[in-house]
Amino acid sequence: MADSKLQETVLEAIEMFRPQLQADGGDMEFVCIDENNAVHLNLVGACGSCPMAVMTLKMGIERYLKDACPDITEVIQDNAKSSEDMMGW
């Protein structure tokens, strides 16, 4: 369980990034921060089924959160489909 200060900083950073997802019809839901300081999110709306969701997650959200909160190790999409599902294979 992450300390409350870290979680507060992560939630503030998520709120700052959220409009970028909402502009494309998507959004994200915070799930938790695990014992390894990995942030767990669910991508919803257009982002939940987009084939570019992994790139958005890693190159966008994860980079932004790590800049805002250096203690964060990674961002994990809890509701991610497998890459084969996303590619239609």
Side-chain angles (χ1 to χ4, degrees):
M1 174 84 180
D3 68 58
S4 60
K5 177 115 174 90
L6 177 62
Q7 183 168 323
E8 181 180 323
T9 304
V10 166
L11 291 174
E12 287 174 8
I14 286 171
E15 288 306 314
M16 295 297 291
F17 195 90
R18 176 171 271 134
Q20 295 180 52
L21 297 179
Q22 291 173 335
D24 291 325
D27 207 344
M28 62 182 146
E29 299 171 340
F30 174 78
V31 176
C32 68
I33 300 172
D34 68 21
E35 64 278 355
N36 298 318
N37 282 352
V39 175
H40 292 255
L41 301 173
N42 288 326
L43 294 180
V44 296
C47 294
S49 59
C50 176
M52 299 303 289
V54 172
M55 184 173 290
T56 298
L57 188 77
K58 293 297 181 180
M59 300 304 293
I61 300 168
E62 182 173 277
R63 179 192 281 165
Y64 188 84
L65 288 180
K66 283 182 166 183
D67 284 348
C69 314
D71 291 339
I72 296 302
T73 57
E74 68 176 321
V75 176
I76 298 168
Q77 182 182 355
D78 280 0
N79 65 337
K81 296 180 177 180
S82 71
S83 58
E84 289 83 12
D85 288 345
M86 294 184 121
M87 299 298 221
W89 297 344

- Query: Which heavy atom in Gln22 sits nearest to a heavy atom in Asp27, and how many Å separate them?
  - Reply: NE2-OD2, 3.2 Å
- Could you please spell out the steps behind the salt bridge (Lys or Arg N to Asp or Glu O under 4.0 Å) verdict for Lys66 and Glu74? CA-CA 8 Å; Lys66 283 182 166 183; Glu74 68 176 321; over 6 Å; no
- Message: Counting C-beta onward and ignoring hydrogens, is there a side-chain heavy-atom pair between Ile61 and Leu43 closer than 4.5 Å?
- Response: yes
- Within one Ile-Leu-Val-Met-Phe-Trp-Tyr cluster: Val31 and Ile72, side-chain cutoff 4.5 Å: no
- Item | Spatial distance of atom CD (Glu29) from atom NE2 (His40) [nearest 0.5 Å] | 15.0 Å
- Do Tyr64 and Leu21 sit in the same hydrophobic cluster, where Ile, Leu, Val, Met, Phe, Trp and Tyr count as joined when their side-chain heavy atoms come under 4.5 Å apart? yes
- Heavy-atom closest pair (Cys47 atom, Gly26 atom, distance to 0.1 Å) is SG-CA, 3.6 Å
- Would you kindly confirm whether Val44 and Phe30 end up in one hydrophobic cluster when ILVMFWY residues are joined by side chain heavy atoms under 4.5 Å apart? no
- Message: Taking the side chain as everything from C-beta on, heavy atoms only, tell me whether Leu41 gets closer than 4.5 Å to Ile14.
- Response: yes
- Item | Crowding at CZ, Arg63 (>12 non-hydrogen neighbours, <6.0 Å) | no
- Message: Closer than 3.5 angstrom, by distance alone: can the side chain of Asp3 be matched with the main-chain N or O of Lys5 as a donor-acceptor pair?
- Response: yes
- Under 4.5 Å between side-chain heavy atoms, hopping through other hydrophobics if needed: is there a path connecting Val54 to Ile76? no
- Could you state the interatomic distance from CD (Gln7) to CG (Asn37), rounded to the nearest 0.5 Å? 11.5 Å
- Item | Atom pair CE/CG of Met28 and Asn42 - distance to nearest 0.5 Å | 11.5 Å
- Task: Report yes or no: do Asn79 and Gln77 form a side-chain donor-acceptor pair below 3.5 Å?
- Result: yes
- Message: I need the minimum non-hydrogen distance between Leu6 and Cys69, along with the two atoms involved.
- Response: CD1-CB, 4.1 Å
- Task: Measure the CG-CG distance between Leu65 and Asp71 for me, rounded to the nearest 0.5 Å.
- Result: 12.5 Å
- Task: Check for a donor-acceptor pair, side chain of Asn36 on one end and backbone N or O of Ala38 on the other, with a separation under 3.5 Å.
- Result: no
